[in-house]
Amino acid sequence: MHVSTDADDLRALLAGPPITYYCGFDPTAPSLHLGNLVQLLLMRRLQLAGHRPLGLVGGSTGLIGDPRPTAERTLNTRETVAEWVGYLQAQVSKFLSFEGENAARLVNNLDWTAPLSAIDFLRDIGKHFRVGTMLKKDAVSARLNSDEGISYTEFSYQILQGLDFRQLYLDYGCVLQTGGSDQWGNLTSGVDLVRRAEGASVHAIGTPLITNSDGRKFGKSEGNAVWLDESLTSPYAMYQFWLNTDDADVVDRLKVFTFLSRAEIEALARLVADEPYRRTAQRTLALEVTTLVHGRGPALAAIAAADALFGQGELAELSAETLASAIRSLPSIVAPGSLTVAQALVETELVASLGEARRAIAQGGVYLNNVKVGDDEVTVGAHALPGGFAILRRGKKTLAGVTIS
RNA sequence: GGCAAGUUACCCAAGCGGCCAAAGGGAUCUGACUGUAAAUCAGACGUUUUCAACUUCGGGGGUUCGAAUCCCUCACUUGCCA
């Protein structure tokens, strides 16, 4: 937690009696992803500290789209956005408690934005915004300086988000907004609006962007986002993602993504230094985060599956039951035994095309039941495992299951 | 509204009539080495059953034996002028 509007003021506020705070999530996809997890956990930490969370899902801001530095967004239909709002609300709810003194509350900015007429918007809200200030926001100026430009729609985004803060201030006495530092311009837009329109001083916390030590983007596995929805990213995949965390990053991740105590994290940090090959820190991290997102049961199942599938042992020696449960945590298909490995790779989406499947096999990167596949004529039924299963592997750690019909 | 420049594969970016499925870089994938790590080295990277064929260079139309490359037109973007 780095940036803030008035650090001392805020510190005093957080140490005092419970305050109400909010954090918003825009429905730009059917699920939140790991990047959002930072925010969800921050909300949870603040709630644990006794403060009252407002979880906002942006039914209206999602229709507009906040300006990305690179390119204009494609608008989604109202129906799609409304559907996604539902999904995100469910996800946000999982991280908050709706019981007790400081019970959380879900809000949707469409509720107060939709009834607003263009005239009211321009007269009541627009007057508080200076174009010069708006132009200086990083998100906007980056786009203005690019050859992409920016539409009026996205330019206006910051006003809508500012409007949210004011509304929540008025309705719930909300005095703090949290968000990623890439949202800083939008956060301050709300702080400014509340000061101008209501003469009140409210705060914003921006969390630093999570980056990998090698400069690659955090939260992407094989170039794809790691989603919180288990149908988009399985608990198994989630566990694997964290297990593969760099030594250089793992301690930092533990601090941000787990609720372990300082002492526990320091102990793990020593283990990284002393016996990195055990990857105790990575295992702990993977278990902790997978549990936070999916719950204890699925997290343990992911570990069991990994042990079964990754172990040096013979897959054929595993029981049909173990295999069945391991396969449940993998992307899998049901197919006849006569299906070739190459086709199976395509159907399980381990590769994008048949050509790519052949290439992978030719490169020696494909395994059927832990045995390297020599040519693309091999069928998945060739060496079926107990229970009529087959495990496909691409490279070292991308797996899929086949149930032979 | 006028003038100019631009729109190339996941991203950036060359190419300006045949030698272009299209240079280069990044991202990604695979192999070797390892700890299911990093770094490094090697290979792959439009689709399909191959050295063979097919579909691509903003959309549509045209010139040509032949076009990503020339012409027309539409759309979008940027800059300057109004």
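No hydrogens, no waters, no symmetry mates; every other heavy atom, side chains included, goes into these values. Lettering of chains follows the sequences in order, A, B, ..., and the numbering in each one begins at 1.
- Across all strands shown, G1(B) forms a Watson-Crick or G-U wobble pair, both distances under 3.5 Å, with C81(B).
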Could you go through the salt bridge (Lys or Arg N to Asp or Glu O under 4.0 Å) check for E154(A) and R73(A) one step at a time? CA-CA 8 Å; E154(A) 291 193 2; R73(A) 289 177 188 273; 5.0 Å; no
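- Remark: U7(B) base-pairs with A75(B); criterion is Watson-Crick or G-U wobble with both hydrogen-bond distances under 3.5 Å.
- Taking the C1' atoms as reference points, G2(B) lies 41 Å from C65(B), given to the whole Å.
- With both ends at atom P, the span from A37(B) to U30(B) equals 11 Å, rounded to whole Å.
- For the pair Y239(A) OH and U36(B) P, the computed distance is 13 Å after rounding to whole Å.
- For G46(B) and C20(B), the P atoms lie 15 Å apart once the distance is rounded to whole Å.
- C51(B) sits 15 Å from A21(B) when the C1' atoms are compared, rounded to a whole Å.
- The distance from atom CZ of R279(A) to atom P of A38(B) is 10 Å, rounded to the nearest whole Å.
- Nucleic acid contact class of L350(A) (heavy atoms, under 4.0 Å, all strands): none.
- One interatomic measurement links the two molecules: NZ of K396(A) to C1' of U36(B), which rounds to 8 Å at whole-angstrom precision.
- Under 3.5 Å, the side chain of Q240(A) and the base of U36(B) form at least one donor-acceptor pair of N or O atoms.
- Listed by first and then second residue, the ring pair (Phe, Tyr, Trp, His ring centres under 6.0 Å) pairs that reach into residues 28-70 of chain A are H33(A)-W227(A), sequence neighbours excluded.
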Could you pull out every donor-acceptor pair under 3.5 Å between side chains of residues 289-303 of chain A and any protein atom, sequence neighbours left out?
unit_1, atom_1, unit_2, atom_2, d
T290(A), OG1, A286(A), O, 2.5
T291(A), OG1, L287(A), O, 2.6

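- Nucleotides A67(B) and G60(B), compared at atom C1', are 16 Å apart to the nearest Å.
- The separation between R283(A) atom CZ and A37(B) atom C1' is 12 Å, rounded to whole Å.
- One can place NZ of K397(A) at 16 Å from P of U34(B), the figure rounded to the nearest angstrom.
- RNA chain B is contacted by both E148(A) and G365(A); G365(A) maps to the nucleotide lying nearer its 5′ end (nearest heavy atom per residue).
- Summarising the base pairing, A52(B) is matched to U48(B) through a Watson-Crick or G-U wobble pair whose two defining distances lie under 3.5 Å.
- Note that the CG atom of D229(A) and the CE atom of M238(A) stand 9.5 Å from one another [nearest 0.5 Å].
- Looking at T340(A) and Q343(A), their side chains do bring a donor and an acceptor atom within 3.5 Å of each other.
- Summarising the local packing, CD of E275(A) is surrounded by more than 12 heavy atoms from other residues, nucleotides or ligands at distances under 6.0 Å.
- Using Watson-Crick or G-U wobble geometry with both donor-acceptor distances under 3.5 Å, A14(B) finds no partner in any strand shown.
- Between M134(A) atom CE and Q158(A) atom CD the span is 4.0 Å, to the nearest 0.5 Å.
- Every pair passing side chain to side chain donor-acceptor pair (under 3.5 Å) that includes a residue from residues 104-121 of chain A is listed here, sequence neighbours excluded: S60(A)-N109(A), S60(A)-T113(A), T61(A)-N109(A), N109(A)-D164(A), W112(A)-D164(A), S117(A)-D120(A).
- Residue contacts for E72(A): at a heavy-atom cut-off of 4.0 Å it reaches no nucleic acid atom on any strand shown.
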Do any N or O atoms of the protein come closer than 3.5 Å to N or O atoms of nucleotides 8-14 of chain B, and which pairs are they?
none

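- Here, A27(B) and G15(B) have their P atoms 24 Å apart, quoted to the whole Å.
- Two residues, G149(A) and Y277(A), neighbour RNA chain B, and the one matched to the more 5' nucleotide by heavy-atom proximity is Y277(A).
- As rounded to the nearest Å, C41(B) and U36(B) have P atoms that lie 23 Å from one another.
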Quick test: give all pairs of protein nitrogen or oxygen and nucleotides 53-59 of chain B nitrogen or oxygen below 3.5 Å, distance rounded to 0.1 Å.
none

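- When both pairing distances are held under 3.5 Å, U69(B) makes no Watson-Crick or G-U pair with any nucleotide shown.
- With a cut-off of 3.5 Å on both pairing distances, C19(B) has no Watson-Crick or G-U wobble partner at all.
- Geometrically, R44(A) engages F259(A) in a cation-pi contact, judged by NZ or CZ lying under 6.0 Å from the ring centre and within 45° of the ring axis.
- Nucleotide U36(B) holds its C1' atom 16 Å from the CZ atom of R394(A), rounded to whole Å.
- Atom CG in D307(A) sits about 12 Å away from atom C1' in U36(B), given to the nearest Å.
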Stepwise side chain to side chain donor-acceptor pair (under 3.5 Å) check, E264(A) with S261(A): CA-CA 5 Å; E264(A) 288 170 304; S261(A) 70; 3.1 Å; yes
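- At a threshold of 4.0 Å, the pair R143(A)-E72(A) counts as salt-bridged, since one of the basic side-chain nitrogens sits closer than that to a carboxylate oxygen.
- By the neighbour-count criterion of 12 heavy atoms within 6.0 Å, atom CG of D138(A) is sparsely surrounded, having that number or fewer from other residues, nucleotides or ligands.
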So if I define the base as every atom that isn't primed, P, OP1 or OP2, how would nucleotides 44-49 of chain B read as a B/S/- string at a heavy-atom cutoff under 4.0 Å? SS-SSS
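- Searching all strands for a Watson-Crick or G-U wobble partner of G31(B) with both distances below 3.5 Å returns C41(B).
- Atom CG in D246(A) sits roughly 7 Å away from atom P in A39(B) (whole-Å rounding).
- With C1' as the reference atom, C71(B) and G79(B) are 26 Å apart, rounded to whole Å.
- One finds no salt bridge joining D246(A) and R253(A) here, because no Lys/Arg side-chain nitrogen approaches an Asp/Glu carboxylate oxygen to under 4.0 Å.
- Of the N and O atoms on the side chains of Q161(A) and Q177(A), at least one donor lies less than 3.5 Å from an acceptor on the other residue.
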